[in-house]
Amino acid sequence: MKIALDAMGGDFAPEAVVEGALLAAETLTNDVQIFLIGDEDTVKNLLQKHGYTGSRVQVVHASQVIGMGEHPTKALTQKPDSSIAVGYGMLATKKVDAFCSAGNTGAMLVGAIFSVKQVEGILRPALASFIPKLSGGYGVLLDVGAIADCKPEVLEQFGEIGSICAENLLDIKKPRVGLMNLGEEEGKGTMVTQPAHKLLKENKSINFIGNIEGRDLFNDKADVIVCDGFTGNVILKMAESIYDILREKNITDPFFDRFNYEAVGGSPVLGVNGNAVIGHGVSSPTAICNMVHLAHKMAESHISEKFRKYFSA
């Protein structure tokens, strides 16, 4: 298996990325190769600094870098030799099985749609996050930032996408799907969530259990939580802040420790013809390592092929 990693993406790149890649190489099986994409001299010097002499971590040169604040579409057009563009080029031509980056989120999303493209039949790809459950394990929350405003049909499809994700990445059989809303009652909600509820309820291919509220996020009512990207991103950032606040107050707890973004490492882009993971901008070596592990799990489960098979039926 071959996994491409943007060496120049993230606030602490390339140092943190190189360290994370070496951690991943130590913990993954020997048949996995990691390709660090970025300035060849810089990356090779860092590998040399860490005393790495193996062949499982290789360097692919990219002369340009897309900054965290750059306009995604414009940057990808003007910087065809950027680490993100090169990474997606390798993914599109199947030179690698997965690509991940802690760089510009917008560029990663746009790059996925323009290079590997969304699966035929999928209205809009989703960005997912994994939510810790009080009983153990994780649930899937989507969307968390790719699509701020969603039509009812898109929310319905997120229920299908999230179910496939939960089955293949979290090993949950017949995952329960809940629609994030401002009340459990069927008639509650907005001009979008009300018709979305109707569509989800009528969809016999998913295990829809109805509306859920914010207080149900961490309990066992639903394994897949569907919402628009605006709502999902607010929830995600709020959850991250809880971990930061507890750490500032020197409070530790095994459950809340799983709120740490490092625990999972990144958010998968679901519904495109390839395996892509977007990491947090402040990713540490541990987060980078776990992002690579997530990319490995996606490729190993053949999840993008399963999206194609499901939505072409």
Side-chain angles (χ1 to χ4, degrees), residues 122-148 150-190 192-240 242-243 255-256 258-259 261 263-264 267-271 294 297-298 301 303 306-307 310-311:
I122 284 184
L123 301 172
R124 301 294 292 270
L127 192 60
S129 184
F130 299 103
I131 301 297
K133 294 292 185 175
L134 282 162
S135 58
Y138 287 86
V140 181
L141 173 69
L142 72 167
D143 179 53
V144 295
I147 315 296
C150 295
K151 294 180 179 179
E153 294 80 7
V154 173
L155 289 177
E156 179 201 6
Q157 202 171 73
F158 284 171
E160 298 174 315
I161 293 171
S163 294
I164 294 170
C165 176
E167 288 171 356
N168 289 277
L169 301 186
L170 300 179
D171 301 316
I172 300 173
K173 304 302 179 186
K174 202 175 179 182
R176 295 157 296 179
V177 179
L179 176 65
M180 181 57 68
N181 214 326
L182 46 75
E184 293 180 350
E185 297 82 1
E186 189 168 332
K188 290 285 184 73
T190 66
V192 174
T193 57
Q194 286 182 14
H197 184 286
K198 185 174 185 294
L199 291 171
L200 286 161
K201 185 179 179 180
E202 293 171 353
N203 191 325
K204 301 305 180 184
S205 65
I206 59 174
N207 182 18
F208 182 58
I209 54 92
N211 289 330
I212 63 169
E213 298 176 301
R215 61 184 174 183
D216 300 317
L217 197 64
F218 308 112
N219 63 30
D220 282 332
K221 282 194 175 179
D223 305 299
V224 176
I225 299 159
V226 172
C227 60
D228 61 77
F230 183 93
T231 303
N233 193 266
V234 170
I235 291 172
L236 179 62
K237 298 296 172 60
M238 181 276 296
E240 288 178 355
I242 291 174
Y243 172 78
F255 173 69
F256 288 110
R258 294 162 67 209
F259 281 46
Y261 75 93
V264 174
S267 296
V269 183
L270 302 176
L294 175 56
K297 176 75 172 177
M298 291 177 70
S301 70
I303 191 168
K306 287 171 182 174
F307 283 130
Y310 179 92
F311 286 101

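Scope of the values below: all heavy atoms of this structure, side chains included, with no hydrogens, waters or symmetry mates. Remember, predicted model here, so these are calculated numbers, not experimental data.
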Quiz item: Would a distance-only check, ignoring hydrogens and angles, find a side-chain to backbone donor-acceptor pair under 3.5 Å from Asn168 to Ile164?
Solution: yes

Practice problem: For residues Leu217 and Met180, determine if any side-chain heavy atom of one lies less than 4.5 Å from a side-chain heavy atom of the other. | Solution: yes

Quiz item: Arg258: what forms a salt bridge (charged side-chain N to carboxylate O under 4.0 Å, His left out) with it, not counting sequence neighbours?
Solution: none

Quiz item: Backbone N or O of Glu167 within a donor-acceptor pair of the Lys174 side chain at under 3.5 Å?
Solution: no

Quiz item: In Å, rounded to the nearest 0.5 Å, how long is the span from CG of Asn181 to CD1 of Ile225?
Solution: 13.0 Å

Quiz prompt | Within-4.5 Å side-chain heavy-atom neighbours: Asn203 and Leu199 | solution = no

Exercise. Taking the side chain as every heavy atom from C-beta outward, state whether Glu202 and Phe208 have any pair of such atoms under 4.5 Å apart.
Key: no

Practice problem: To the nearest 0.5 angstrom, please state how far the SG atom of Cys227 sits from the CG atom of Leu142. | Solution: 7.0 Å

Practice problem: Please round to the nearest 0.5 Å and tell me the distance separating atom CG of Asp223 and atom CG of Asn207. | Solution: 8.0 Å

Quiz item: Would you say Gln157's side chain and Leu123's backbone share a donor-acceptor pair under 3.5 angstrom?
Solution: yes

Self-check item: Minimum heavy-atom distance between Val224 and Gly162, given as atom pair plus value
Solution: CG2-O, 3.5 Å

Quiz item: Is the shortest heavy-atom distance from the side chain of Phe130 to the side chain of Cys165 under 4.5 Å?
Solution: yes

Quiz item: Without hydrogens or angle criteria, can the side chains of Asn211 and Lys188 be said to hold a donor-acceptor pair below 3.5 Å?
Solution: no

Quiz prompt | Leu270 CG to Phe158 CZ distance, which is reported to the nearest 0.5 Å | solution = 9.5 Å

Quiz item: Short question: side chain of Lys221, backbone of Glu213 - any donor-acceptor pair under 3.5 Å?
Solution: no

Quiz item: Atom NZ in Lys297, atom CG in Leu170: separation rounded to 0.5 Å?
Solution: 8.0 Å

Practice problem: Check Glu240 against Tyr261 and note the closest heavy-atom contact, atom names and distance. | Solution: OE2-CB, 4.1 Å

Self-check item: Exam field: side chain Lys151 to backbone Ala196, donor-acceptor pair closer than 3.5 Å
Solution: no

Quiz item: Donor-acceptor pair, Arg124 side chain versus Ala146 backbone, under 3.5 Å?
Solution: no

Quiz item: What is the distance from atom CG of Asp228 to atom CG of Asp143, rounded to the nearest 0.5 Å?
Solution: 8.0 Å

Quiz item: Ion pair present between Glu186 and Lys201, side-chain N to carboxylate O less than 4.0 angstrom?
Solution: yes

Exercise. Evaluate the ring pair (Phe, Tyr, Trp, His ring centres under 6.0 Å) criterion for residues Phe256 and Phe218: first the C-alpha distance (whole Å), next the side-chain angles of each, then the deciding distance (0.1 Å), finally the verdict.
Key: CA-CA 11 Å; Phe256 288 110; Phe218 308 112; 7.8 Å; no

